[in-house]
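Working notes for the structure below.
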Amino acid sequence: MSSAELIVTRFAPSPTGYLHIGGARTALFNWAYAKGKQGKMLLRIEDTDLERSNPAAVDAILDGLAWLGLNWDGEAVSQHARQQRHAAVAHELLNSGKAYYCYCSPEELTAMREKAQVEKRPVRYDGTWRDRDPNLAPTGVKPVIRFKSPQEGETVINDHAQGRVIIPNKDLDDLIVLRSDGNPTYNLSVVVDDHDMGITDIIRGVDHLTNAARQTQVYLAMGWRVPNMTHVPLIHGPDGAKLSKRHGALGVEAYRAMGYLPAALRNYLARLGWSHGDEEIFSTQQLVEWFSLDGINNSPARFDFAKLENLNGHYIRHTSDDDLLNEFIRFLPFVAGGTELVGRIDAVMRSKLLKAMPGLKERAKTLVELKAAVAYLFSHRPLTLDEKAKALLDDEGKAALASVHAVLAGSNDWTAQALETAVKAHAEGTGIKLGKFAQPLRAALTGTATSPGIFDVLEVLGRDEALGRVADQMSQL
RNA sequence: GCGCCCUUCGUCUAUCGGUUAGGACGACAGCCUUUCACGUUGUAAAGACGGGUUCGACUCCCGUAGGGCGCACCA
């Protein structure tokens with residue numbers, strides 16, 4: 001593909017402590033787009049604001065991306081490390097007359113803003129120093145460098161999701177590109193980095209749409225090519241308001257702890273703000289093949305846990321027992337009591353879990369539910385029964401247990417199939433419904449009123465353990 | 001306040017001027033059944049409002065309403 005240009009996208013999160021779920025979707029889109037075009041996705045950490053950036057926050061993002069299975073090309077770029085270059089570009093702008101020194105103090109700017117607010121005028125820098133003679137500069141004041149933004153005309157953003165967005169230049173004031181302490185500001189750094197990194201396509205949230213206009217002006221001033229832009233709509237909470245802490249889970253690590261599978265989350269996120277006809281459930285491979293910028297909508301989507309849960313259940317059911325067990329073990333450390341459980345999974349337990357998995361995974365919508373469903377395998381005799389299980393083991397239940405115990409003990413083939421045949425025959429022989437035996441049995445074997453098929457439970461538990469658990473409940477009078 | 005953007009079932013969405021407006025989740029009802037699930041069958045459920053343009057608008061234009069984003073020496 002020599003004629004076609006290599007697509008280079010980037011994901012550029014600011015390290016705030018976790019990988020935001022909206023950021024995760026942005027990353028997914030960038031990733032899928034780059035992959036589908038045989039291009040590259042780069043990663044840049046926007047750590048310009050050192051006060052809010054720390055290694056732990058960066059790690060949280062890398063960890064989140066890794067968990068989601070989104071890899072990037074090359075080394076992650078630290079924006080902070082490139083400050084010299086950003087400052088150099090600011091001075092380049094200054095020297096070519098595309099920027100100027102501004103000596104306004106923060107207090108003056110605040111006053112300017114407040115005055116504008118009172119007078120109900122747009123709050124913008126009034127351009128005091130734009131054309132003023134630099135010789136008038138007050139002594140002892142460290143100036144900032146402001147970009148000389150065009151005052152006439154309009155700036156056009158040809159956005160792949162939003163369409164042709166036109167912003168009047170009069171509404172864009174002269175932004176600061178270099179602070180008085182010599183550090184560059186975001187809008188400058190982003191442009192310089194995206195240019196230097198050879199980014200061809202910027203895919204990010206619409207919250208950056210106005211920044212896109214300012215950045216476009218900087219590109220133009222530098223004579224650089226403006227990358228293709230795609231601003232994707234934001235994700236809202238179930239109530240329609242912007243997703244915030246109030247809605248609960250913001251970081252992907254929270255979704256991991258809630259027991260969602262990375263593949264399910266990818267699928268769900270992909271369908272939020274993007275679509276490919278009526279396709280609902282598709283593999284990541286298919287996403288990569290299908291993903292296109294014009295499949296992106298331009299209206300915000302509400303996050304729907306019910307749908308995520310449904311999808312997750314589907315993925316759990318369709319994951320092989322072996323893979324699912326591995327996912328489960330990988331998940332356990334992130335949930336209370338999970339690490340201890342991992343310690344108890346030896347070869348024997350592993351094979352029990354694997355054997356029980358077909359029955360278990362039909363019923364779990366999350367790995368948290370799977371953990372609960374698997375608990376009976378880890379229980380020690382005598383079991384502690386929950387309320388519903390206790391209710392099942394009334395006098396009638398215990399009597400049923402005693403009679404079924406004899407049947408089970410008499411079976412010389414401890415397989416689910418053989419045991420089912422035997423117990424069903426017993427039920428028919430006594431004229432009692434199967435349920436009258438199955439439910440007390442379930443209570444005795446699992447300590448709960450719900451579980452996978454009872455004959456499977458019997459087989460997985462093994463003859464001695466199963467008979468022991470039944471006997472425990474028979475004898476307690 | 002100024003600028004920009006958005007608006008199809010409760011939710012995610014399909015439709016790219018002509019459809020009985022389709023699918024999925026959720027809800028409800030039935031079937032299956034040893035529990036819970038799964039599976040399966042079916043039902044209810046939508047073009048914000050008002051004007052245009054057009055033979056014909058969910059689709060194009062304008063306005064209104066509602067919602068979102070942005071307006072820092074934050075990113």
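In this text the structure is predicted, and so the values were computed from the model without any measurement. In what follows, every chain begins at residue 1, and chains take the letters A, B, ... in the order their sequences are listed. The figures here come from the full heavy-atom set of this structure, side chains too, leaving out hydrogens, waters and symmetry mates.
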According to a strict under-4.0 Å criterion, is A:R124 in side-chain N/O contact with OP1 or OP2 of B:G70? no
Return the nearest nucleotide to the side chain of [X]; candidates are [options].
X      : options             : answer
A:D304 : B:C73, B:U34, B:U11 : B:U11
A:D207 : B:U35, B:G23, B:C69 : B:C69
A:R442 : B:A72, B:U34, B:U11 : B:U34
A:S275 : B:C4, B:U13, B:A24  : B:U13
A:P106 : B:U34, B:A24, B:C73 : B:C73
A:E362 : B:A37, B:A24, B:A75 : B:A37
A:S299 : B:U34, B:G23, B:C6  : B:C6

Side chains of A:Y219 and A:P227: does their closest heavy-atom pair fall under 4.5 Å? yes
Look through every strand shown and name the nucleotide pairing with [N] as Watson-Crick or G-U wobble, where both distances are under 3.5 Å.
N     : value
B:C49 : B:G63
B:A24 : B:U11
B:C71 : B:G1
B:U40 : B:G30
B:A57 : none

Aromatic rings A:F282 and A:W290: how do their planes relate, parallel, tilted or perpendicular, breaks at 30° and 60°? perpendicular
Should the ring pair A:H318 and A:H314 be called parallel, tilted or perpendicular, given that the plane angle runs from 0 to 90° and is split at 30 and 60? parallel
Within the structure shown, what part of the strands sits under 4.0 Å from A:S180 by heavy-atom distance: base, sugar-phosphate, or nothing? base
Mind checking A:A301 for me? I need base, sugar-phosphate or nothing, with any heavy atom below 4.0 Å counting as a touch. sugar-phosphate
What about A:Y101 and A:F147, are their ring centers closer than 6.0 Å? no
Looking only at N and O atoms, is any donor in the side chain of [X] or the base of [N] less than 3.5 Å from an acceptor on the other one?
X      : N     : result
A:D278 : B:G22 : yes
A:K365 : B:A37 : no
A:N211 : B:A75 : yes

Could you go step by step and tell me if A:R442 and A:S451 meet the side-chain hydrogen bond (donor to acceptor under 3.5 Å, both in side chains) rule? CA-CA 7 Å; A:R442 191 177 327 270; A:S451 82; 2.9 Å; yes
